[in-house]
Amino acid sequence: MKAQLILLGAPGSGKGTQAARLVSDLGYKHISTGDLLRNEIAKESELGKKVQGIMTRGELVDDTTVLELLNANCDLTSGSYIFDGFPRNLDQAKALDLEVIKDVAHKAIYFDIDLDILAERLVNRRTCGDCGEIYNLLFKAPKAKGVCDKCSGTNLNQRKDDNEESVKTRLGVFKSTIDPVLSYYEEKGALKRVKASATSAEVFEEVKNTVK
Ligand code: AMP
């Protein structure tokens with residue numbers, strides 16, 4: 001079985017785009033805690049109602065809630081996963097090891113990018129509500145305005161938290177929590193840094209080399 005992959009990086013650093021390629025080209029399963037939480041909001045579940053305001057503001061949901069959701073949605077005996085959006089802090093990194101990954105082989109990949117360019121990227125991000133394809137109006141706009149290149153759906157959405165104020169909060173949260181997480185994986189010898197400002201294809205090559 002391939003090593004479990006933990007994608008670390010700021011919002012907008014390209015984790016979701018690379019995760020989609022790892023799924024289609026290398027057969028990984030993708031688990032994004034942000035997606036799981038957004039599903040709960042869409043279902044209007046109790047959990048969804050609890051986290052909606054927190055997520056719209058760009059703050060972090062509490063560790064216990066997210067860990068429970070993660071645990072309920074992955075089964076490491078069934079294949080290799082890409083963890084996207086988890087861990088967000090050192091406690092989550094430790095909990096991921098103790099409660100989910102345990103002694104299974106894993107690697108963390110850090111999408112290293114200048115945080116100053118991300119705010120503009122994030123407010124221009126759009127996602128196809130039908131197939132999940134990710135666009136950016138700045139550098140990867142759909143060929144026809146408002147129409148998904150991949151599935152021809154016309155449901156290109158902007159995430160509620162991709163507005164200027166929430167983006168500022170999300171980047172601030174990221175800056176204040178990432179360093180201990182990187183040190184944690186570095187000390188275990190499990191961290192690989194990739195230059196996330198390169199083209200998507202170049203980043204994918206680097207990511208693929210890590211997986212081998
Ligand atoms: P993402 O889709 O990864 O950008 O996450 C969107 C939002 O979901 C974040 O801003 C948080 O509010 C929440 N979230 C996602 N993953 C986590 C996590 N591991 N811990 C806490 N909150 C999370």
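Counting convention: from 1, in listed order, for ligands and their atoms alike.
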Contact list for residues 99-117, test salt bridge (Lys or Arg N to Asp or Glu O under 4.0 Å), sequence neighbours left out: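 For residues 99-117: none.
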
Within residues 13-23 or reaching into it, pairs that qualify as salt bridge (Lys or Arg N to Asp or Glu O under 4.0 Å) - sequence neighbours excluded: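 Residue pairs with at least one partner in residues 13-23: R21-D25.
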
Approximate separation, where rounding is to 0.5 Å, of L22 CG and I109 CD1: 7.0 Å

All pairs passing side-chain hydrogen bond (donor to acceptor under 3.5 Å, both in side chains) where residues 59-78 contributes a residue, at least two apart: K29-S78, K50-T65, R57-E59, D62-T65, D63-N89, D63-Q92, D75-T77

Any donor-acceptor N/O pair, D84 side chain to H30 backbone, under 3.5 Å: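 Absent.
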
Salt bridge K94-D97, side-chain N to carboxylate O under 4.0 Å: no

Would you mind writing out a table of all protein N or O atoms found under 3.5 Å from any N or O atom of ligand 1, naming both atoms and giving the distance to 0.1 Å?
{"unit_1": "ligand 1", "atom_1": "2 (O)", "unit_2": "R38", "atom_2": "NH1", "d": "3.0"}
{"unit_1": "ligand 1", "atom_1": "2 (O)", "unit_2": "R38", "atom_2": "NH2", "d": "2.9"}
{"unit_1": "ligand 1", "atom_1": "2 (O)", "unit_2": "R159", "atom_2": "NH1", "d": "3.2"}
{"unit_1": "ligand 1", "atom_1": "2 (O)", "unit_2": "R159", "atom_2": "NH2", "d": "3.4"}
{"unit_1": "ligand 1", "atom_1": "3 (O)", "unit_2": "R88", "atom_2": "NH1", "d": "3.1"}
{"unit_1": "ligand 1", "atom_1": "3 (O)", "unit_2": "R88", "atom_2": "NH2", "d": "3.2"}
{"unit_1": "ligand 1", "atom_1": "4 (O)", "unit_2": "R159", "atom_2": "NH2", "d": "3.0"}
{"unit_1": "ligand 1", "atom_1": "5 (O)", "unit_2": "R88", "atom_2": "NH2", "d": "3.2"}
{"unit_1": "ligand 1", "atom_1": "12 (O)", "unit_2": "E59", "atom_2": "O", "d": "2.5"}
{"unit_1": "ligand 1", "atom_1": "16 (N)", "unit_2": "T33", "atom_2": "OG1", "d": "2.8"}
{"unit_1": "ligand 1", "atom_1": "16 (N)", "unit_2": "G85", "atom_2": "O", "d": "3.4"}
{"unit_1": "ligand 1", "atom_1": "16 (N)", "unit_2": "R88", "atom_2": "NH1", "d": "3.3"}
{"unit_1": "ligand 1", "atom_1": "19 (N)", "unit_2": "G85", "atom_2": "O", "d": "2.9"}
{"unit_1": "ligand 1", "atom_1": "19 (N)", "unit_2": "Q92", "atom_2": "OE1", "d": "3.0"}
{"unit_1": "ligand 1", "atom_1": "20 (N)", "unit_2": "Q92", "atom_2": "NE2", "d": "2.9"}
{"unit_1": "ligand 1", "atom_1": "22 (N)", "unit_2": "V61", "atom_2": "N", "d": "3.1"}

